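From a predicted model like this one, the values you see are computed outputs, not experimental measurements. FYI, side chains are in, hydrogens and waters are out, and symmetry mates aren't considered; it's all heavy atoms of this structure.
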Number of protein chains: 4
Amino acid sequence: MSRKPRALRRRELLDAARDAFVERGFSAATVDDVVGNAGVARGTFYLYFRDKRAVFEALVDEFLARIEACVKSIDLSAPETPVEQLTANIRRVVELALAEPAIVKLALHDATGLDPDLDEKLHGYYERLRALIDESLQQGQMLGMVRPGDRRVMVAIGLGGLKEVLVDAVAGELTSDAAVITEEIMRFLAGGLLAR
Amino acid sequence: MSRKPRALRRRELLDAARDAFVERGFSAATVDDVVGNAGVARGTFYLYFRDKRAVFEALVDEFLARIEACVKSIDLSAPETPVEQLTANIRRVVELALAEPAIVKLALHDATGLDPDLDEKLHGYYERLRALIDESLQQGQMLGMVRPGDRRVMVAIGLGGLKEVLVDAVAGELTSDAAVITEEIMRFLAGGLLAR
Amino acid sequence: MSRKPRALRRRELLDAARDAFVERGFSAATVDDVVGNAGVARGTFYLYFRDKRAVFEALVDEFLARIEACVKSIDLSAPETPVEQLTANIRRVVELALAEPAIVKLALHDATGLDPDLDEKLHGYYERLRALIDESLQQGQMLGMVRPGDRRVMVAIGLGGLKEVLVDAVAGELTSDAAVITEEIMRFLAGGLLAR
Amino acid sequence: MSRKPRALRRRELLDAARDAFVERGFSAATVDDVVGNAGVARGTFYLYFRDKRAVFEALVDEFLARIEACVKSIDLSAPETPVEQLTANIRRVVELALAEPAIVKLALHDATGLDPDLDEKLHGYYERLRALIDESLQQGQMLGMVRPGDRRVMVAIGLGGLKEVLVDAVAGELTSDAAVITEEIMRFLAGGLLAR
DNA sequence: CATGAATGAGTTTTCATTCAT
DNA sequence: TATGAATGAAAACTCATTCAT
């Protein structure tokens, strides 16, 4: 009926799908739910996405691209100190997550174990993120700014901790103050949990 | 066919289900896969479990019970120091995870977003675990052994970090040496990542 | 886009449809295939044909009309003998078939069992063709040029044999020499298969 | 509901499918039509056949197997003459066709152009039948019992004629007397159509 | 005339669950 | 207890056709 520019209709379907997935979970949500939310006919969905998995993938792609855009490599020649740059990176990620709670829930919480292909894709993204962080840690270790240790384990803890914080934050179980969360994360990174 | 003690048959079905779920994911795995693995007829499954969700729940229950059994409250009057007790707790969890990789994958990776009821159950478990850790942290803070800070964020980071380490470890992306993993975790808790 | 004379556009669509139907079969071929071959938009198709069946029908009509044009009634007062006239008829049909293999495949091979209306139409054509041949046979019998016998069976064998020869010929399983095929058919009609 | 032996249920579904296909044509008939005829639930169909094409294929297989069983190789050392044996072959085929009109309609009339795989299968069957006949003709030619000529064309005419006769016969457009049809076919083979 | 976005009825297919044997 | 045939609700997906632009 209402002829819309292709990109706009696609956007509507993405948003409708996001809502449907958040509300019912990816498996339980049906294409019917999605088109119902979008207010279009069933067939229209397939004009824009091959299948249900494809929308999900597009949503995740979109979110991960935005996450990646938040993370700038540490620049030693910049006026800000490396720790300041790291803090800024984390803060941007936290702010993005708080601004897009629905997608965080989807991408970090619901996206795994649904579909082998999708898992693989997510795995690839994580690998890239891990590599990025690993590299920074290595640089930091060489400069004596990061303590020595098994970097893969360090990355895993850091990334896992960050993910859980984000998920909990958007689930409303934590403060919604990005500054507080960021500061707390930095304290963890700087000194662990134990007093000395 | 072969009349087996009820408990044994149930065990076989649980194991068969675990394998099926790990291989194909909970949604994609069919009851047929499960009974196929177990070598019994379809109807038999329903003599032991109400439905497909029930086996999954039983598996998760079982695993979480074993996790909880690993975690002993810190006893200040014990001969071991609190840090030694914490280390032992973490080490037991890591060893359990490495011994039961399939279940880790299921419980920590796939169990989420499938079914509102199940999600709630898992959430409850996590809440209990969180409360346990939170309590310990509080105690530690009062004793001056844990630095001050927003405990909920501290718990989230710690738990998230631990989960990710376990998932990565069973995925074979990390060392399989429980001692190394435990030590690395403790260093993180003790001093964060940054050198000083 | 390119405004073309109506008849030309229609011709393009007919050819595009013929190709699509030959390649994928009538049922499997989609209107999309047709307009794709023709290089026009989907809607354009419906400016020229009521529906998918209509193009098919138009193609079959066209072909049957050309077949009928090949077949001239036997004229006893003509300078050529009846057998010569019959031979010429058959030869023209064979030549047409060899010149339009795609359409032969469609009209004789695929056209059937698709749609009751279309079936009826084809049946009507065959009836007319049968009647034409039957009439000639009757005339021939009266003149003593055709042996006696159940004319309906005779027609069926002759028509079926001719169809099969044409289908096989365009399928490349027989010689493509119209003269040879025609001669062989005439020998069959003249003396059957058995030696004497 | 009504538990039946597997083979019986399968038979019922085959018969139901045959009826559905004859009534509506293969493309138009739905799995729903089939299970409706059989009086079972939709899912039951898929317990016995992979899909719609599979039942059709099974029906055609069955019919062609029966056709092949009708055709005995000509045995020169038998007490019956070769022509008598040929006549008996043809008569058996005609009788089978008259006894199973529905399947004749399907296998000879509706089966082509629906599905490339199915077409190929049918084509294979025809090839075998053709080879069988070709061989007999060759033998006959060597013995001087069959006149010389392009055997492939001869086979095509014979087979096409036979098919058309059978289709017309079961369509009620010809006599239903197997003896008459057989005799008429033999006269055609023996002497063609033209008097001499 | 031409376009192609939108429609939605119509089919196929899967699979958790039941229940007669 | 064990079996596995049967069920049927539920989804995904296709595609001929329409119609606003």
Side-chain angles (χ1 to χ4, degrees), chain A residues 1-6 8-10 13 27-35 38-54, chain B residues 1-6 9 27-35 38-55, chain C residues 1-6 9 27-36 38-55, chain D residues 1-6 8-10 13 27-35 38-53:
Chain A
M1 204 70 339
S2 51
R3 300 298 228 57
K4 300 224 179 154
R6 228 190 126 70
L8 177 54
R9 186 47 39 104
R10 191 184 139 89
L13 282 166
S27 321
T30 70
V31 172
D32 251 45
D33 293 331
V34 175
V35 297
V40 299
R42 188 141 47 247
T44 303
F45 177 88
Y46 293 92
L47 257 30
Y48 292 86
F49 300 98
R50 179 187 308 283
D51 52 27
K52 203 173 77 165
R53 213 174 110 287
Chain B
M1 192 104 309
S2 52
R3 295 291 243 46
K4 298 211 184 170
R6 207 181 151 76
R9 183 57 29 110
S27 322
T30 68
V31 173
D32 247 46
D33 293 332
V34 176
V35 298
V40 299
R42 231 197 305 282
T44 304
F45 177 88
Y46 291 89
L47 298 175
Y48 292 86
F49 299 97
R50 177 190 309 285
D51 54 29
K52 194 175 121 176
R53 212 173 111 285
V55 229
Chain C
M1 193 100 309
S2 51
R3 296 293 244 48
K4 300 211 181 167
R6 206 179 151 76
R9 182 63 19 119
S27 321
T30 68
V31 172
D32 247 45
D33 292 332
V34 176
V35 297
V40 300
R42 229 196 306 283
T44 305
F45 177 89
Y46 291 89
L47 299 174
Y48 291 86
F49 299 97
R50 176 190 310 283
D51 54 29
K52 195 175 120 178
R53 215 173 109 287
V55 229
Chain D
M1 206 63 346
S2 51
R3 300 299 229 53
K4 299 223 181 156
R6 224 189 130 72
L8 177 54
R9 184 53 31 108
R10 190 185 141 90
L13 281 165
S27 321
T30 70
V31 171
D32 251 45
D33 293 332
V34 176
V35 297
V40 299
R42 188 142 47 246
T44 303
F45 177 88
Y46 292 92
L47 256 32
Y48 292 85
F49 300 98
R50 179 187 308 284
D51 53 27
K52 203 173 78 164
R53 213 174 110 286

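- Of the candidates dT7(F), dT12(E), dT18(E), the closest approach to any side-chain atom of Asp32(D) belongs to dT12(E).
- Atom OH of Tyr46(A) is separated from atom NZ of Lys52(A) by 9.0 Å, given to the nearest 0.5 angstrom.
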Secondary structure of DNA chain F per the Watson-Crick/G-U criterion (both distances under 3.5 Å; [ ] crossing, | other strand, . unpaired) is .||||||||||||||||||||

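- Rounding to whole angstrom units, CZ of residue Phe49(A) and P of dT14(F) are separated by 15 Å.
- For Arg3(D), the listed nucleotide lying nearest its side chain is dA5(F); candidates were dA6(E), dA12(F), dA5(F).
- Looking at heavy-atom distances under 4.0 Å, Thr30(A) makes contact with sugar-phosphate atoms alone, never a base.
- Checked against salt bridge (Lys or Arg N to Asp or Glu O under 4.0 Å), Asp51(B) has no partners two or more places apart in sequence or in another chain.
- If you check dT17(E), dA2(F), dA6(F) against the side chain of Arg9(B), the one that comes closest is dA2(F).
- The OH-P distance, from Tyr46(D) to dT11(E), rounds to 12 Å in whole Å.
- For Tyr48(A), taking side-chain heavy atoms from C-beta onward, the closest of the listed nucleotides dA2(F), dA6(E), dT13(E) is dA6(E).
- With rounding to whole Å, Phe45(D) atom CZ is found 17 Å from dA5(F) atom P.
- In this entry the distance linking CG of Asp51(A) with C1' of dT14(F) reads 13 Å, nearest Å.
- When every heavy atom of Arg6(A) is checked against every heavy atom of Leu47(A), the shortest pair comes out as NH2-O, 3.1 Å.
- Arg42(A) contributes no side-chain N or O that forms a donor-acceptor pair with the base of dT7(E) under 3.5 Å.
- The interatomic distance linking Lys52(B) (NZ) with dT14(E) (P) rounds to 15 Å, in whole Å.
- Closest-nucleotide positions on DNA chain E for Gly39(C) and Gly43(D) were compared, and the one nearer the 5' end corresponds to Gly39(C).
- Nearest to the side-chain atoms of Thr44(B) among the listed nucleotides dG8(E), dG4(E), dT3(F) stands dT3(F).
- The distance from atom CG of Asp33(A) to atom C1' of dA10(F) is 12 Å, rounded to the nearest whole Å.
- When the C1' atom of dT21(F) is taken as reference, atom CZ of Arg6(A) falls 17 Å away, rounded to whole Å.
- Using a 4.0 Å heavy-atom criterion, one finds that Ala54(C) contacts no nucleic acid atom at all.
- Residue Leu47(D) has its side chain nearest to dT7(F) when only dA16(F), dT3(E), dT7(F) are considered.
- Remark on DNA chain F: of its neighbouring residues Ala29(A) and Ala41(D), the 5'-side contact belongs to Ala41(D), judged by nearest-heavy-atom nucleotide.
- Nearest-nucleotide positions on DNA chain E for Val31(D) and Val31(B) put Val31(D) closer to the 5' end.
- In this view, Ala38(D) and Leu13(D), Ala16(D), Val40(D) satisfy the side chain to side chain contact (heavy atoms under 4.5 Å, CB included) rule, not counting sequence neighbours.
- Under a 3.5 Å cut-off, the side chain of Lys4(A) and the backbone N or O of Arg10(A) do not form any donor-acceptor pair.
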